[in-house]
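So you know, we letter chains A, B, ... as the sequences are listed, proteins then strands, and number each from 1. Everything numeric in this text was worked out from a predicted model, so none of it was measured.
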Number of protein chains: 2
Amino acid sequence: MGGITVLLVDDHLVVRSGLRALLATQPDMDVVAEASSGEEALQLVRSHAPAVVVMDLAMGPGMDGIEAIRQIRNLGTGQSVLVFTTYDSDADIVRAVDSGAMGYLLKDAAPEEIFAAIRGAVQGRSVMSPPVASRLFQQMRNPDEVLTPREAELLSLLTEGLSNRELGRRLFISEATVKTHLAHIYAKLGVDTRAAAIATAIRREGMR
Amino acid sequence: MGGITVLLVDDHLVVRSGLRALLATQPDMDVVAEASSGEEALQLVRSHAPAVVVMDLAMGPGMDGIEAIRQIRNLGTGQSVLVFTTYDSDADIVRAVDSGAMGYLLKDAAPEEIFAAIRGAVQGRSVMSPPVASRLFQQMRNPDEVLTPREAELLSLLTEGLSNRELGRRLFISEATVKTHLAHIYAKLGVDTRAAAIATAIRREGMR
DNA sequence: GCTGCCCTCAGCCTTTTGGCTGATATGGCC
DNA sequence: GGCCATATCAGCCAAAAGGCTGAGGGCAGC
């Protein structure tokens, strides 16, 4: 006892079981609860007050991981949240860090990496997987390539296959404005067609 | 002993641990080995001759799950392969079944579902998650919506954002032929722009 | 108060795309 | 042999998208 109390949040039971099994090998860590949704996570944080929350970002319908992180941070009860997810999309990383995540691990991380991140989190140190760190670094070096909120909104709709006219209707702006936004988006993503933009958005920005 | 011997194949250690922990609760099942790649899986099938192989489809670089299934089946040593993956894309399901998979489970499946699938597999029964089954059924009802090999090839390149001209060059066909294929693809996917086709391809057909 | 960024819009012109119709060749299947 | 699916190509036309220039309003920061 007296170890680091951990709450696991993932909608896949196998992943929770796997994490639980891994953490069981560490004498200083105790998994005190598991949640399969953002809503459930919030409740369990309240009732168990764990030191660290290990959370997936993608969790089916309902509250997503980002929102869950935000709300947990808003409780003001001092939990450190570690993101543990499959994808390292630029957008997800930025949003997670913005929401107050203390670390960002990929699911193919080595056990030691996971342990180190959890221990670091309780000490206020931020730990992230190398690929994640390099992406963050990349973003900081080229702030010109970061999409504005409006652009991100448009890109998100773009990935649904809408035409400029439809995009305009959806966003209550003229087709001319849509084209302006698109031109900016193309420049930032380094493409020159909407098709390539969609491909890049889904693959690199993680807009599924 | 004397239980069902199982080989786990997944590039994520947590998932393997989770499955191992789950299967450990079943007296009639023994995880005899774990692999983190298709190549490794093939080796371990040879050396351990498990009764069932539980395999993820997405596994980083190298041999993918589909190819691994095909090669395991080609060994002729009688292994039943169960797909255990996150996504239920039409293309993946069809290809997995074509390659000789005995079942197709999603990672959010309940433990009982997993156990039943493994027991079913050794008895020659095919078990799949309800969403997967319904997709297969859907495909069988509307064979008109199945893409031809050439169309699938083109669609795959399309998701990389290529123009018609580039597609033609890549496939050594004229732009006119590209347009013909695209028209057929649009019809089968139920869309009318390349943007929507890309969106659908990535989301429904799982062309990541 | 000026500067810079974001969001908005317009016009013009070229390229690309999509819809349509029709045609040829190939290979498998009955 | 005839049928059918697949793959290949052409031409024509309308619609959509993309590149370019220019411009106005709002708002934060210095």
Worksheet item: Would you say the side chain of A/Asp10 lies within less than 4.5 Å of the side chain of A/Lys107, judging by non-hydrogen atoms?
Response: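 Side chain of A/Lys107 against side chain of A/Asp10, heavy atoms only: contact under 4.5 Å found.
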Name the nucleic acid region contacted by [X], choosing base, sugar-phosphate or nothing; use a 4.0 angstrom heavy-atom cut-off, strictly under.
{"X": "B/Thr177", "answer": "base"}
{"X": "B/Thr180", "answer": "base"}
{"X": "A/Thr148", "answer": "sugar-phosphate"}

Side chain of [X] only, please: which of [options] is the nearest?
{"X": "A/Thr193", "options": "C/dT17, D/dG18, D/dA7", "value": "D/dG18"}
{"X": "A/His181", "options": "C/dC9, C/dC7, C/dT17", "value": "C/dC7"}
{"X": "B/Ser174", "options": "D/dA10, C/dA10, D/dA17", "value": "D/dA10"}
{"X": "B/Ile173", "options": "C/dA10, D/dC9, C/dT8", "value": "D/dC9"}
{"X": "A/Leu182", "options": "C/dC7, D/dA10, D/dG18", "value": "D/dG18"}

Worksheet entry | Expected output: side-chain A/Ser80 to main-chain A/Val52 donor-acceptor under 3.5 Å |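 Flag not set: sc A/Ser80 to bb A/Val52 has no pair under 3.5 Å.
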Worksheet item: If you look at every heavy atom in A/Ser99 and A/Ile66, which pair is closest and at what distance?
Response: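 Smallest interatomic distance, heavy atoms only, reads OG-CG2, 3.2 Å.
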Practice prompt. Would you kindly give the NE2-to-C1' distance between A/His184 and D/dG18, to the nearest whole Å?
Written response: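 Value for this atom pair: 13 Å.
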Worksheet item: In whole angstroms, how far is the P atom of C/dT17 from the CZ atom of B/Arg165?
Response: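 Value for this atom pair: 8 Å.
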Discussion item. Can you see if the side chain of B/Asn164 gets near the phosphate of C/dT16 - specifically, an N or O under 4.0 Å from OP1 or OP2?
Written reply: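 So the side chain of B/Asn164 is outside the cut-off, no N or O lying under 4.0 Å from OP1 or OP2 of C/dT16.
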Fill in: Any donor-acceptor N or O pair under 3.5 Å, side chains B/Gln43, B/Ser47
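No - no donor-acceptor pair under 3.5 Å links their side chains.
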